[in-house]
Amino acid sequence: MRTFALTDPPAGAPGAAGADDLRMAEELLGGLNERQGEAARTTDGPVIIIAGPGSGKTRALTHRIAYLLAAKKAWPSQILALTFTNKAAREMRDRAEKLVGAEDVRGMWIGTFHAIFARVLRREAESIGFTRSFSIYDSDDTERLIKELMPRYDVDPKRITPRMVRGRISGAKNQLVTADQYARLAADPFEEAVAKLYGPYDQALRRANAMDFDDLLGWPIRLFQSHSDVLAAYQRRWKYIHIDEYQDTNRAQYALAKLLAAQHRNIAVVGDDAQSIYAFRGADIQNILSFQEDYPEARTIRLEQNYRSTGRILKLADAIIKNNRGQLDKTLWTENPDGEHILVMEAVSERDEAQKIERTVRDLTVRGGLRWKDFAVLYRTNAQSRSIEESLRRGGIPYRLVGGVSFYQRKEIKDALAYLRLAVNPHDAASFLRAINEPPRGVGDKSVGLLRAHAAQHNVSLWDAARGAGAGLSGRAAVSVRGFIEAIETGAERAATAPADEVARDLLQASGLLRALRDENTPESLARLDNVHELINAVAEFAGAGASGRTLADFLQEVSLVADVDSLTDEDNRVTLMTLHASKGLEFKVVFIAGLEEGLFPLGQSTADPSELEEERRLFYVGVTRAERLLFLSYARNRFRYGESEPALRSRFLDEIEAEDVVRTEAGGTFQPNAGRYTLDDRAYDPDPAVESGYRRLDPHYYRRSLRGAHAAPQRGRPADGERRVEYDEGYGPLVTGTRVRHETFGEGKVLAVDGAGERATATVFFPSAGQKRLRLKFARLEVVR
DNA sequence: GGGTGGCATCTTTTT
DNA sequence: GATGCCACCC
């Protein structure tokens, strides 16, 4: 929650730096080591800082900013710093303030890519046909919109879910592939279905005066490309550009940075390829390599000394990442003591695992003098938090859960926000659909269907359709709709003059939402009512906090852009629970990584794809390097899945650790990794080209049955051309993603995914004739087509 | 139009 | 174990 001064930098340079200025600038770099200092001092021209975990990379970047200001190289408003979380931005700003003073930092542009460019878009909205108060759609809104479109374009939401479509469209947007281009590239029936929806989806967003997250990057690019004067203005403005966590940038972010840096070429990026964990949302490590191509004059600085962790933790991290290929060359080292051994804890169940964690936390606070906030428990999926929460609660240990269902994702909050968003942007279709019959006011599916038909027919928004009345609504529905519209319009009019929180309070009152919750009068509904009041308070706080005139529209755009980690502060003394992803950039004295089991971490089918497996491994690396002093790795031999307990096998990540005197068992013995249970790349054993260059599973215990199928007998030689028949009835075979199979009734299809084990092994197969099917291998008797 | 109860389907990770 | 969806009833 931060405002950026939107004034243009004063003309000219900020005056020549005197000797005093330069001395002060140098002093600011006093606390840095030689390398960090070099990174901070390299202010002119492109710099790429390749930095390991805990090496003070953000520190170096912040000092660089302070140095620029102190040495009078730029006005604050000429500095742009892009981060990946608001929290990182806030920390960077706070540290910069401490270095050079709040006064001299004001006006600097520090924020996430999304926040900064949302801001740019707000200023330039009209030139791309939006209004300033456009809505920002999260994945929920987006899926709603896609679902709306599906029947009209003859896509069956059972076969191809809105979520899948959203994923594909988002991926395409990250790669800067437009709807037209996508339609041309679509290669299979699934992609063709996506292609049918992509264009209309974009039009629907436009009609709703809304943007999705990817548009917040895509639209600025289009804006800059079509308005060279606008681009030139921003190129001039931002004399110095900084990007933190550069390994997480996607194509669109890369393109934006390149466009903006073209004039001054003062761009400093910081990244660690080993910590790239967001490929699933389009992050591309290649951007690090491209940087050196785009800026051949770029200076490369490596920060390899680690200040955070003990020697043993670092040794473990190194042993983990060594199992990945193609990591950039980097040697981590530290002057810190070796520290304690890393402990592996085996539990019989997830409940047992949670209790062990709870007990360990308690012991360490009593004996080790640690505080609750020194601990973090990290896990792969949000669902894992439940058991850990339970045991911490039972033990009376205060904790803080990051992620999961955050405040702004709760239903009542989304409903309330829908009203507020409509008042600001009445054409917002997703909000309209959410709010129109919440609370129930007699406008059900049928009436909404009529409005929708009317809107589609006249190519107007739902709002216009509803406002035009008529549309064939029944008398009762028409009255309700009119009341709804009036309430929103009243709110919209008042928004122009009254304070944002008053507008919000009155509008929610008029909506009937508050009354419905009060009338329901259950403990749950009253809790929800409290939440809505809390939202109103948040609006009040927001509107009051800013220097001047922060509007409801500003508030709404801000809340769409905050993540849950952002609210994390060091103030509460609580144990932190969060996903490994959310932990990036943070550090804790003691870290637990729970659920180190095959299928959970590495998760699901990621083991089938080498690049996905490597991303999982980097995620493990990220988790391990969050720890300063103590690290615990745990797994359970049984874990609940789909409501029933299922046996689990400890993660390959534990068995591939090769490090002397680093890891111990709880009993104090040496941890014995079962080396070679999984090995790298022995493609020679597999005649199937689909798994070429893949990791081969070799654990005879785990995969005994599949080995009997094909892998165990490569010496029999490849079958002659033609078909190879694999029987599945006594287990399941080496079926991997991409394999072509034939089914008795559906014909030929392509395997999209395989999950489950043994009896429950299930393949997701796409059949051109019948669409996507989930088939139990036990029954389906698939033939592999070669 | 709306509410309820049973059944299926999951489960990545997030700005 | 929770959410979503559908069928059925009021």
Side-chain angles (χ1 to χ4, degrees), chain A residues 82-89 111-118 136-140 142-144 147 157-158 161-163 166-167 170 173-174 211-217 245 248-250 252-253 276-283 378-387 402-406 408-409 411 436-449 473-474 476-477 480 520 559-566 578-584 595 599-606 612 615-616 618-620 622-623 639-645 753 755-756 760 762 764 774:
Chain A
L82 297 162
T83 63
F84 276 77
T85 63
N86 291 294
K87 181 178 195 287
T112 63
F113 270 93
H114 290 85
I116 296 280
F117 289 104
I136 298 171
Y137 279 5
D138 64 10
S139 50
D140 242 42
T142 305
E143 279 174 31
R144 191 173 285 253
K147 207 169 135 203
K158 274 216 182 106
T161 64
R163 181 187 250 215
R166 176 189 43 96
S170 172
K173 287 188 175 183
N174 286 159
M211 298 199 194
D212 63 24
F213 275 114
D214 308 304
D215 287 339
L216 294 177
L217 306 173
E245 309 281 15
D248 288 331
T249 50
N250 62 30
Q253 289 162 326
S276 162
I277 53 172
Y278 282 108
F280 73 90
R281 69 168 196 220
L378 310 180
Y379 37 77
R380 179 66 241 265
T381 65
N382 280 307
Q384 285 167 259
S385 72
R386 177 184 310 278
S387 56
V402 179
V405 186
S406 73
Y408 287 104
Q409 285 176 15
K411 184 182 177 301
I436 182 69
N437 204 30
E438 188 66 51
R441 53 167 66 83
V443 188
D445 288 347
K446 210 163 179 182
S447 305
V448 173
L473 291 182
S474 72
R476 197 172 125 223
S480 289
E520 200 184 320
V559 299
S560 328
L561 296 170
V562 296
D564 203 38
V565 221
D566 296 334
M578 62 186 157
T579 63
L580 287 141
H581 280 90
S583 77
K584 192 161 76 160
L600 186 60
F601 193 26
L603 182 74
Q605 309 137 25
S606 62
E612 279 183 43
E615 176 145 320
E616 295 281 314
R618 289 192 296 270
L619 190 56
F620 187 32
V622 166
R639 184 166 297 272
F640 271 94
R641 263 194 147 168
Y642 313 107
E644 52 184 311
S645 177
D755 54 280
R760 297 181 66 138
T762 307
T764 308
R774 282 181 58 76

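The chains referred to below are lettered A, B, ... by the order of the sequence lines, with proteins before strands, and numbering in each begins at 1.
The side chain of A/Y278 sits closest to B/dT14 out of B/dT14, B/dT11, B/dT15. Which of B/dT14, B/dT11, B/dT15 sits closest to the side chain of A/T112 comes down to B/dT15. Picking from B/dT15, B/dG1, B/dT13 the nucleotide with the shortest atom distance to the side chain of A/K446 gives B/dG1. Between C/dA2, B/dT15, B/dT12, one nucleotide has an atom nearer to the side chain of A/E612 than all others, and that is B/dT12. Among the nucleotides B/dT12, B/dT14, C/dA2, the one closest to any side-chain atom of A/R281 is B/dT14. With distances taken from any side-chain atom of A/S447 to the nucleotides B/dG1, B/dT15, B/dT13, the minimum falls on B/dG1.
Between A/F113 and A/F117, the ring planes are parallel. Angles under 30° get that label, and only those over 60° would be called perpendicular.
Ring centroids of A/F280 and A/H581 are separated by less than 6.0 Å, placing the two rings close together.
As a whole-Å value, the separation of A/N86 CG from B/dT15 C1' is 9 Å. Distance, A/R639 CZ to B/dT12 P: 16 Å, rounded to whole Å. When rounded to the nearest whole Å, the span between OH of A/Y379 and P of B/dT13 equals 10 Å. Separating the CE atom of A/M578 from the P atom of B/dT14 is a distance of 11 Å, rounded to the nearest angstrom. When rounded to the nearest whole Å, the span between CD1 of A/I136 and P of B/dT15 equals 14 Å. The NE2 atom of A/H581 sits 14 Å away from the C1' atom of B/dT11 (whole-angstrom rounding). Distance, A/F640 CZ to C/dA2 C1': 15 Å, rounded to whole Å. The distance from atom CG of A/L580 to atom C1' of B/dT13 is 9 Å, rounded to the nearest whole Å.
Using a 4.5 Å cut-off on side-chain heavy atoms (C-beta onward), A/T579 and A/T381 make no contact. At a threshold of 4.5 Å between non-hydrogen side-chain atoms, the residues A/I277 and A/K584 count as touching. Taking the side chain as every heavy atom from C-beta outward, A/R163 and A/R166 approach each other to under 4.5 Å.
OP1 or OP2 of B/dT11 lies within a sub-4.0 Å distance of a side-chain N or O belonging to A/R163. Proximity of A/N382 to the phosphate of B/dT14: a side-chain N or O atom is located under 4.0 Å from OP1 or OP2. A sub-4.0 Å separation between OP1 or OP2 of B/dT12 and a side-chain N or O of A/T579 is absent.
Between atom CZ of residue A/R441 and atom CD1 of residue A/I436 there is a gap of 6.0 Å, rounded to the nearest 0.5 Å. Summarising the geometry, atom CD1 belonging to A/I116 is positioned 8.0 Å from atom OG1 belonging to A/T83; distances are rounded to the nearest 0.5 Å.
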For nucleotides 3-10 of chain C, list the nitrogen or oxygen atoms of the protein found under 3.5 Å from its nitrogen or oxygen atoms, one pair per line.
unit_1, atom_1, unit_2, atom_2, d
C/dC5, OP1, A/K147, NZ, 3.2

Every protein N/O within reach of nucleotides 2-8 of chain B N/O, cut-off under 3.5 Å:
unit_1, atom_1, unit_2, atom_2, d
B/dG2, OP1, A/G442, N, 2.6
B/dG2, OP2, A/N437, ND2, 2.8

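Residue A/S606 is the one, among A/L561 and A/S606, whose nearest nucleotide of DNA chain B lies closer to the 5' end (criterion: closest heavy atom).
The nearest pair of heavy atoms linking A/V402 to A/N382 is O-OD1, 4.4 Å. In this structure, A/L561 and A/A118 approach most closely via the heavy-atom pair CD1-CB, 3.9 Å.
Remark: A/R281 pairs with no residue by the side chain to side chain donor-acceptor pair (under 3.5 Å) rule, at least two apart or across chains.
Looking at heavy-atom distances under 4.0 Å, A/F113 makes no contact with the nucleic acid at all. Backbone-only engagement by A/F84 is indicated by non-hydrogen atom pairs under 4.0 Å involving sugar-phosphate atoms exclusively.
Spacing of P atoms, C/dG4 relative to B/dT13, comes out at 16 Å, to the nearest Å.
In this structure, a donor-acceptor pair under 3.5 Å is absent between the side chains of A/D212 and A/T142.
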